[in-house]
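Lettering of chains follows the sequences in order, A, B, ..., and the numbering in each one begins at 1. Predicted model only: the values in this text are computed from it and were never measured. Atoms considered below: every heavy atom in the structure, side chains included; atoms not considered: hydrogens, waters and symmetry mates.
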Amino acid sequence: MKDVVSELLRDHIYKMAASGKRVDGRAPEEYREIKVRKGYAGNAEGSARVDLGETEVLVGVKMILGEPYPDRPKEGSIVTTMELIPMASPTFEAGPPREKAIELARVVDRGIRESKAIDLGKLCIIEGEKVWIVFIDVHVLDYGGNLFDASSFGALAALTNAVVPASKINGEDYPLEVEHHPISITATKIKDVIVFDASLDEDRVADARLTIATDENGHIRAMQKGLKGSFTLDEVDYVVKTARKLADEIRPKVVG
Amino acid sequence: MKDVVSELLRDHIYKMAASGKRVDGRAPEEYREIKVRKGYAGNAEGSARVDLGETEVLVGVKMILGEPYPDRPKEGSIVTTMELIPMASPTFEAGPPREKAIELARVVDRGIRESKAIDLGKLCIIEGEKVWIVFIDVHVLDYGGNLFDASSFGALAALTNAVVPASKINGEDYPLEVEHHPISITATKIKDVIVFDASLDEDRVADARLTIATDENGHIRAMQKGLKGSFTLDEVDYVVKTARKLADEIRPKVVG
Amino acid sequence: MKDVVSELLRDHIYKMAASGKRVDGRAPEEYREIKVRKGYAGNAEGSARVDLGETEVLVGVKMILGEPYPDRPKEGSIVTTMELIPMASPTFEAGPPREKAIELARVVDRGIRESKAIDLGKLCIIEGEKVWIVFIDVHVLDYGGNLFDASSFGALAALTNAVVPASKINGEDYPLEVEHHPISITATKIKDVIVFDASLDEDRVADARLTIATDENGHIRAMQKGLKGSFTLDEVDYVVKTARKLADEIRPKVVG
Amino acid sequence: MEEGKLVNDKGIRVDGRRVDELRPIKLEAGVLNRADGSAYIEWGKNKVLAAVYGPREAHPRHRQDPARALVQCRYNMAPFSVSDRKRPGPDRRSVEISKVISEAFSHVVLREQFPRATVDVFMEVLQASAGTRCTALTVAAVALADAGIPMRDIISSCAFGKADGQVILDLDKAEDNEGQADVPIAIVPRTNEIVLLQMDGHITKEEFDSGLKMAVDACHRINEMQRDALRRRYSVTADTHEAVKAISEGV
Amino acid sequence: MEEGKLVNDKGIRVDGRRVDELRPIKLEAGVLNRADGSAYIEWGKNKVLAAVYGPREAHPRHRQDPARALVQCRYNMAPFSVSDRKRPGPDRRSVEISKVISEAFSHVVLREQFPRATVDVFMEVLQASAGTRCTALTVAAVALADAGIPMRDIISSCAFGKADGQVILDLDKAEDNEGQADVPIAIVPRTNEIVLLQMDGHITKEEFDSGLKMAVDACHRINEMQRDALRRRYSVTADTHEAVKAISEGV
Amino acid sequence: MEEGKLVNDKGIRVDGRRVDELRPIKLEAGVLNRADGSAYIEWGKNKVLAAVYGPREAHPRHRQDPARALVQCRYNMAPFSVSDRKRPGPDRRSVEISKVISEAFSHVVLREQFPRATVDVFMEVLQASAGTRCTALTVAAVALADAGIPMRDIISSCAFGKADGQVILDLDKAEDNEGQADVPIAIVPRTNEIVLLQMDGHITKEEFDSGLKMAVDACHRINEMQRDALRRRYSVTADTHEAVKAISEGV
């Protein structure tokens, strides 16, 4: 569970960052290359394989017939799971979801759910009886830093790729409607310096993390501060502004 | 899991007890102060916060609509859970119920169930289809000895405080009928001396434990011998007699 | 989990086997005495207690009413569980099924299921609504080697003893029809020597295991190679041939 | 006999027993190959097998008691031992029974002789029909003796209860289901100390007193059967002669 | 007030509060006997109890940090704390909340003073009514101080949000259910550093900015209540005088 | 072709293959950044990724083998890899497959070179369409070689089976569902030793013999593809030249 990270690495990364540079040559607000391959998993209703630099995630969307919650008879539901499979990193372990995976899954889930990217009402087939349950399963294949954004990109891309299998209920299959396109941007703070889209090494020495999802109108849809460090009010302001700018640049690559 | 208890403490407690005294100044058959606050947990159908000396438990009753068991179509059911949350003691651990919590929950449950304190037939709404399931959740907040009695008092008090939420099925809420008032009394044996309502330290050095629940008619409703020691037949006789006497004194404080 | 087995034992067993002998005096292809007591567990729909030398297993068959799988509305189902209870061996542990028990259960299950010993269609009561679910619970009481065969014999014997409790659905009880009688034969390889029906010590030093189930027509119904060793093509040929021969000898003892 | 009556006017029960009569008991020691000690019992329609392993090193180590052995019992019901199939593995009921049986045996095993060790007692209920915890404890006591575990005595167990307002011994399934109370006990026969006592239902002090006397008497009869089973076992295996003697004399 | 309106034209909410007004808060320190520190809070209809144990040795050992203490928080809801009974034990939501609260406290506890140790913080939600994570964090900070755990400051927590298009402080249950956003934060009052920040819903940058200011201000008011509770506690127990001083002066 | 026929009179299958013809296979080595070795395969409609970590210290320590390395394989299906969503995490089927694959690799890895260590092999089925265990084993063997794990040989895997009464190689999904038998095998190509063999269904000895021959031949063809993938990988990364040589020569 613990990476033994030398203080040397931490100092090195910090010193470079403090002078506006990064170990891999990027600018502080620069994202790594984003590659999105939709429709990769043929047995899923929708899927996307996302490369974000050295990080690779595969997200599959499955749509299952089920019953609505008693208190929401006219709505389908969304379930997001995250497996940090041990393939992706020497330090992930198999087994029941641990804290880290749960936080990731819940932040991805809220990004989709609370932004109303999917209209749950449209997932209702027969009120109180039959609805679509949308499973968003995030499979991390290669962990090279910034899982929050890679997973969020993957979830949104897989949804925009999804087809509602209405033929199962004697209808005709049709594309799942995605109403909003929230893009998650994560700032990472090392001592007093902030960079975006942390690499693996930057993740390992990070003091604090702030993830902001903004939609196509520049509105804030989800936020999550993480790790043991803190942000000043000015830093929060800076991160929110930058997140809106970066989201607008990245959105087309994800939505396609 | 193991309290390292010095033999000195054990000897000290024993010697005092052997001369009819207790470390906290009580007589052998004397209970600590009992304080019952009903209706404490506002989102529960019934609740009671019980102080028994330094021990504090909070019991909530929730009533849920459910299906009857196939072999008992005309009866509702009772489910008792006990959480020895780590807040209550440095030696409790979180997680799945362990032996100790299971024994406690089952003894509390039997005290209620087998004394027919609740008429399960009256919990039936539609035969074979819909019944009330009564959840009695015991939350131990502070562990200062004699959990068996504190939990049992809490369960009975919470039930006498409970309101059947019949408005959920378009009826009118009404108080849950509690037909009997079994009071649990626990004797603790240290070497060859018996005391009642053990304090934390007495619990820690106890050799054997005998819990007797008697109802308002002086009839025995439940018994549980615990720990690795034994009781002679005469001791059992003494404990049963004393339990009846003490129960009659304590009952009004619990039932109110 | 690990038996510390002396290399001496291994050498001893190997040297004897290499000269066609076994520690307990048997010939390489010789099975230990098989004793089958059917109907032992009176609360089961069918049961058999099987002694295979020092190994003893008890198999109970329970038939429960349930719903069919949505994709197989006209079929009942079979569920096989295996408990390596700690009673049977100093090295088994209680708790969730581990790898070894899962492999055993699945091989026994496939032997029954894939040989079509039970016609799943005949377990259907009302299409899409009500079917019989057949639970085959294998309880290993004494572990003296060759659990694969002992468990398989027990499962088949218990099935041939089972009565469908049709009186539960207002019918008349009738014997469960068993359409085929697959007999599992296990070869154990120690270095380059093969013996059948391994004793406990032979099991402990085994390099490879090959289990073959053949039916009353000599057809192959299930195979499972296990352990870290290998078999040559010639050895596989020999084991299959021998399995057919031994199965024919053993079948009457199991089916009765 | 009146319909639905569990005990008739002459004090005779549905299966023909008197109120203070036990169901038939068959006991055999030394029935398994792998275990250090084992025994098998048929008590009425109950069938229970017991095995003992140990004393052996307790694992994990932090559970060890540096001053004495642990006695760890596991009461388990086979899935097919009851009418409605039971899911494999421990449920809350079996965890509680395992606990109270462990505590009962802890009182008589000479635990100080084996610091840091564990004595593991496994009881498998193969067929269940009321009174399985008494049946399991009784057969496990024989398995412990068969394993040569030093004990102050062989403990014995039996239940009493109440049905049709009558105090009765050793309830069968109908009496357990329809009766008013069930009180399993276990005693150290030599001293009549009570090491297990549970009860639920509805019983007066007077009924309890008379039932307890009845059950204690029955435990002594059962203890004789336990000792017989061990004698039969040891008459076969002469090399354990010392152990027999020790147990018969109650060292 | 219009039907269904959460905030009326005069900026008054259903329960009579102004947009920047907190629900009533009652705080008490030192309420449990066993814990090293404890506190109790009633915040609106929320009731939360907090207990602190430690610093004590961390187990299992491989989780120990050789350079500093762990701060391990457990946020738990009692089954009866909500309208629909909650199954006992941690669910995914409470695991996440436990994690972010642990991280927030890790920032202020002087962890280097206790290598290999753990400080365990338990928060039990006994009655829940919107905003339980802020309530739990606020009361836990008091329990940490009550336990004498050295901290750079007593952190304080509060949420803002949006309902009927208005930015409001400290959402109650109706506002949480029907509103457009909920933004819990926690700060180090002395420095205004943000140690917890979560949000979901729909809010503009401008609304976020004004809400954040409102919540930071409220945290300062809450911090005063936290310090008051500790002063009341320590005025009773004179022997912990030093601790009071340390905390009031913010060592 | 007759309706419902899986193999027509000319021995041609629904997808146009002959009875002894494999589905198309695409293999690539070295596809992941973090793993010590990795490989990716598309075999018919199957898509499987494999990663290898190690040799590294085995945990927990009591699982270590003081004389040799463990080979621990984990076969896992992504929830979306099948038509009906699979619950995340291991089920009984994947536990069994992981076990038999671990055993197969244990035969060829030179485990004595790494006492107390573990070699961990992870196989993720991303898209499943009959024959995933053979596909997974085949790609994992390449990942092991890519990680430079010393092996006696690169093992290869393939299934044969029976459909419409005909013995056929490498069943596709329809043939697997409607056929009469499925027999996955894995061999050490250099020696033709069988290291994995499972079967269920209904097959005669004669059919088994001819099918086994067919599958062994196919394994040799697959082995060539495995070696090709490694050669392509190593022609890119010259610094691992030694490793290539070792593998091609089968040290």
Side-chain angles (χ1 to χ4, degrees), chain C residues 1-2 4 7 69-71 79-82 96-107 109-117 180 182 189 207-215 217-237 239-241 243-244, chain F residues 62-68 70-72 83-84 90-100 102-109 111 152-153 155 162 177 180-188 191-209 211-213 215-216:
Chain C
M1 214 173 126
K2 262 172 264 163
V4 178
E7 274 300 307
Y69 291 113
D71 54 339
V79 178
T80 303
T81 77
M82 170 81 65
R98 287 171 310 115
E99 282 188 4
K100 195 176 176 176
I102 288 176
E103 186 189 11
L104 263 164
R106 285 181 57 82
V107 170
D109 186 84
R110 286 202 297 264
I112 299 298
R113 181 189 307 277
E114 300 290 336
S115 71
K116 301 194 170 24
H180 293 289
K189 187 172 167 187
D207 290 304
R209 194 188 61 229
L210 185 53
T211 299
I212 316 268
T214 51
D215 65 18
N217 302 313
H219 295 170
I220 307 171
R221 294 301 201 144
M223 305 179 83
Q224 180 87 347
K225 182 256 159 188
L227 306 185
K228 294 170 184 169
S230 64
F231 286 93
T232 66
L233 293 172
D234 286 346
E235 286 167 346
V236 170
D237 185 62
V239 172
V240 173
K241 279 182 187 149
R244 294 211 288 185
Chain F
H62 69 84
R63 298 215 53 194
Q64 292 181 355
D65 183 333
R68 57 190 72 77
L70 303 173
V71 177
Q72 303 190 99
S83 295
D84 292 331
D91 56 10
R92 296 166 63 88
R93 175 179 169 275
S94 63
V95 169
E96 187 197 352
I97 293 178
S98 297
K99 183 174 190 287
V100 295
S102 295
E103 291 172 342
F105 281 122
S106 293
H107 190 63
V108 291
V109 169
R111 304 193 292 135
R152 293 195 293 114
D153 200 355
I155 63 178
K162 188 174 150 188
N177 287 345
Q180 289 94 55
D182 182 26
V183 192
I185 70 161
I187 67 165
V188 181
T191 59
N192 277 354
E193 289 167 285
I194 294 196
V195 288
L196 182 145
L197 172 56
Q198 299 184 287
M199 178 262 176
D200 41 57
H202 188 167
I203 204 167
T204 67
K205 174 77 167 68
E206 295 64 38
E207 290 162 345
F208 175 76
D209 289 345
L212 185 59
K213 196 180 164 312
V216 167

Item to complete: For residues C:R221 and F:M199, report the shortest heavy-atom separation together with the two atoms involved.
Response: C-SD, 3.6 Å
Fill in: Side-chain heavy-atom pair C:Q224, F:V100 within 4.5 angstrom cut-off
yes
Fill in: Interface residue of largest heavy-atom contact number with chain F, from C:S115, C:A213, C:G229, under 4.5 Å
C:G229
Practice prompt. State plainly whether the residues C:R110 and F:E96 are in salt-bridge range, i.e. N to O under 4.0 Å.
Written response: yes
Item to complete: Counting only heavy atoms closer than 4.5 Å, note whether F:L212 contacts chain C via side chain, backbone, both or neither.
Response: side chain
Practice prompt. Counting only heavy atoms closer than 4.5 Å, note whether C:K241 contacts chain F via side chain, backbone, both or neither.
Written response: both
Worksheet item: Between atom NZ of C:K116 and atom CD of F:Q180, what is the distance when rounded to the nearest 0.5 Å?
Response: 8.5 Å
Discussion item. Measuring from atom CD1 of F:I97 to atom CD1 of C:I102, what distance do you get when rounded to the nearest 0.5 angstrom?
Written reply: 12.0 Å
Practice prompt. Answer with side chain, backbone, both or neither: which region of C:D237 has an atom nearer than 4.5 Å to a non-hydrogen atom of chain F?
Written response: both
Item to complete: Tell me, out of F:H107, F:K213, F:E193, who's got the most heavy-atom pairs with chain C below 4.5 Å.
Response: F:H107
Discussion item. Taking CG in F:D84 as the centre, count heavy atoms belonging to other residues, nucleotides or ligands within less than 6.0 Å. Is the count above 12?
Written reply: no
Practice prompt. Report the C-alpha distance between F:K99 and C:E99 in whole Å, list the side-chain angles of each, state the deciding distance to 0.1 Å, and finish with yes or no for salt bridge (Lys or Arg N to Asp or Glu O under 4.0 Å).
Written response: CA-CA 7 Å; F:K99 183 174 190 287; C:E99 282 188 4; 5.3 Å; no
Discussion item. Assess the residue pair F:L197 and C:F231 against the criterion (side chain to side chain contact (heavy atoms under 4.5 Å, CB included)); give the C-alpha distance rounded to whole Å, side-chain angles, the decisive distance to 0.1 Å, and a yes or no.
Written reply: CA-CA 9 Å; F:L197 172 56; C:F231 286 93; over 6 Å; no
Worksheet item: About how many Å separate OG1 of C:T81 and CZ of F:R92, when rounded to the nearest 0.5 Å?
Response: 7.5 Å
Discussion item. With a 4.5 Å cut-off on side-chain heavy atoms, are F:I194 and C:L233 touching?
Written reply: yes
Fill in: Choice from F:V71, F:V195, F:V183 maximising heavy atom contacts with chain C below 4.5 Å
F:V195
Worksheet item: Which residue out of C:E235, C:R244, C:K228 racks up the most heavy-atom pairs below 4.5 Å with chain F?
Response: C:K228
Item to complete: May I ask you to test the F:Q198-C:K225 pair for a side-chain heavy-atom distance under 4.5 Å?
Response: no
Worksheet item: At what distance, to the nearest 0.5 angstrom, does CG of C:D215 lie from NE2 of F:H202?
Response: 5.0 Å
Practice prompt. Measure C:L210 against the heavy atoms of chain F and call it side chain, backbone, both or neither at under 4.5 Å.
Written response: side chain
Worksheet, complete the sentence: The ring pair (Phe, Tyr, Trp, His ring centres under 6.0 Å) partners of C:H180 (sequence neighbours excluded) come to none
Response to the item:
Under 4.5 Å to a heavy atom of chain C? For F:V108 that would be neither
